[in-house]
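For the single chain, residues carry numbers from 1 onward in sequence order. These numbers come from the heavy atoms of this one structure, side chains and all, not from hydrogens, waters or symmetry mates. In each ligand, atom 1 is the first atom listed, and ligand 1 is the first ligand listed.
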Amino acid sequence: MEELPAAEADGAGPAGPVDQAGLAGPTDQVGPVGLADRTGQAGDLADTVIATRALTKRYRGGQLAVDGLDLTVPAGSVFGFLGPNGSGKTTTIRMLMGLIEPTAGTARVLGQPMPRAARAVLPHVGALIEGPALYGFLSGRDNLIRYDAADPTADPRTRRTRVATALDRVGLTAAGGKKAKAYSLGMKQRLGLAAALLQPRRLLVLDEPTNGLDPQGMREIRALIRELASDGTTVFLSSHLLDEIEQVCTHAAVMAQGRLITQGAVADLAAGTRGRLVVTTPDTGDAARVLKEQGAGDVVITDDRVTAEQPPDRDLADVNAALVTAGVRVRGFGVERASLEDAFVALTGEGFDVAG
Ligand SMILES: Nc1ncnc2c1ncn2[C@@H]1O[C@H](COP(=O)(O)OP(=O)(O)OP(=O)(O)O)[C@@H](O)[C@H]1O
Ligand SMILES: [Mg+2]
């Protein structure tokens with residue numbers, strides 16, 4: 001029983017079916033028939049899988065962890081929940097899963113209010129929440145068997161097959177017989193993901209799913225997420241890795257200090273930011289001077305490249321002409337596509353801890 005999740009600091013106990021492994025999942029009495037009836041009511045909200053309104057969490061110590069969050073996660077999206085450490089991602093996810101009560105505001109998951117409808121909603125949601133807790137004395141495979149056995153809707157006759165398939169999907173087949181306490185962080189993370197994948201789900205909520213994985217493991221998990229999404233599962237994942245979000249997500253929300261900075265389609269988020277002007281030239285000093293004269297900000301010289309923010313209200317053709325008129329020998333002149341990182345920096349005015 002080691003490695004059980006830390007007790008809730010503000011004392012709000014789990015409001016829904018959360019099993020002892022700390023993973024939100026089906027453990028209660030709601031049968032399949034009742035489920036179908038209840039979730040049928042969510043039909044009118046079929047396009048939005050997660051919707052929060054002014055969702056707020058202030059922990060008992062006074063920490064305002066999530067501040068008036070309005071989140072809209074479209075069905076079928078791979079939705080990246082992006083923010084630096086401490087920006088409120090896990091707190092939001094715990095509220096969405098009914099693990100903690102919001103201080104104010106509302107959250108709807110699969111069209112139903114959380115935490116009130118947790119019993120009806122959670123069987124349709126696979127979740128991996130920060131640091132999956134496992135029974136260390138059991139093998140990875142036996143942890144999954146135990147987890148699956150806690151699901152009243154799971155057919156015991158197909159349990160072993162289900163577990164084997166889940167282990168295979170996360171690349172743990174060979175390590176399935178090893179005790180979970182001997183797992184590396186990345187292996188534990190994979191096992192937590194396997195638990196979320198035991199049943200087909202309408203929604204997967206993954207808190208930093210690639211945390212602790214090596215680059216190859218990260219690629220595998222990203223490929224798996226794309227595969228799940230192509231099967232129609234909505235995937236909501238948190239990350240503090242911008243490039244990860246760019247690679248795998250169709251939509252994203254950006255958090256900073258508990259507040260939502262922006263959300264939308266990833267392509268639109270980056271498109272809202274102007275890419276940097278890039279001049280390739282042997283005459284970098286002169287080029288930098290001319291660009292500044294032309295009103296370009298943040299001029300940076302690296303080797304034979306000068307990059308800068310595009311000057312506002314200036315036609316780029318005129319900027320190029322000014323360089324040439326000043327005798328700058330221009331080898332290349334163009335605008336780099338803005339990345340999500342550019343967008344983040346432009347939106348928050350801050351840098352972002354990008355790992356790797
Ligand atoms: N149980 C708790 N009691 C009091 N404060 C907490 C608790 N959990 C989190 N916090 C605080 O709330 C804020 C948001 O934390 P949260 O864990 O939601 O951030 P996060 O975005 O998931 O960060 P990370 O990227 O490090 O996982 C932080 O300032 C954190 O210290
Ligand atoms: Mg977190």
Is there a polar contact, in the sense of an N or O pair closer than 3.5 Å, between [X] and ligand 1?
{"X": "N85", "answer": "yes"}
{"X": "R94", "answer": "no"}
{"X": "S87", "answer": "yes"}
{"X": "A65", "answer": "no"}
{"X": "G88", "answer": "yes"}

Modelled atom types, side-chain donor and acceptor of T103 and Y59, under 3.5 Å: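 No donor-acceptor contact under 3.5 Å links the two side chains.
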Note: [X]-[Y] ion pair, threshold 4.0 Å (strictly below):
{"X": "R276", "Y": "D298", "value": "yes"}
{"X": "R157", "Y": "D155", "value": "yes"}
{"X": "D148", "Y": "R162", "value": "yes"}

Option whose closest heavy atom lies nearest to atom 25 (O) of ligand 1, chosen from H240, R58, K89, Q257: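 When every heavy atom of H240, R58, K89, Q257 is considered, K89 comes closest to atom 25 (O) of ligand 1.
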Within 6.0 Å of CZ in R160, more than 12 heavy atoms from elsewhere: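 Atom CZ in R160 is not crowded, with 12 or fewer foreign heavy atoms closer than 6.0 Å.
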Neighbour count above 12 (heavy atom, 6.0 Å) for R289 CZ: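 Above 12, so yes.
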F81 and F236 aromatic ring geometry - parallel, tilted or perpendicular at 30°/60° bounds: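 F236 and F81: tilted rings.
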Contact partition for Q63 relative to ligand 1, non-hydrogen atoms under 4.0 Å: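 For Q63, the contact with ligand 1 is made by the side chain alone.
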Those atoms of ligand 1 less than 4.0 Å from some heavy atom in E208: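 Ligand 1 atoms under the 4.0 Å threshold to E208: 25 (O).
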Metal site the Mg ion (ligand 2): N/O/S of N85 inside 2.8 Å: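 Looking at N85, which is the residue asked about, there is no N, O or S atom under 2.8 Å from the Mg ion (ligand 2).
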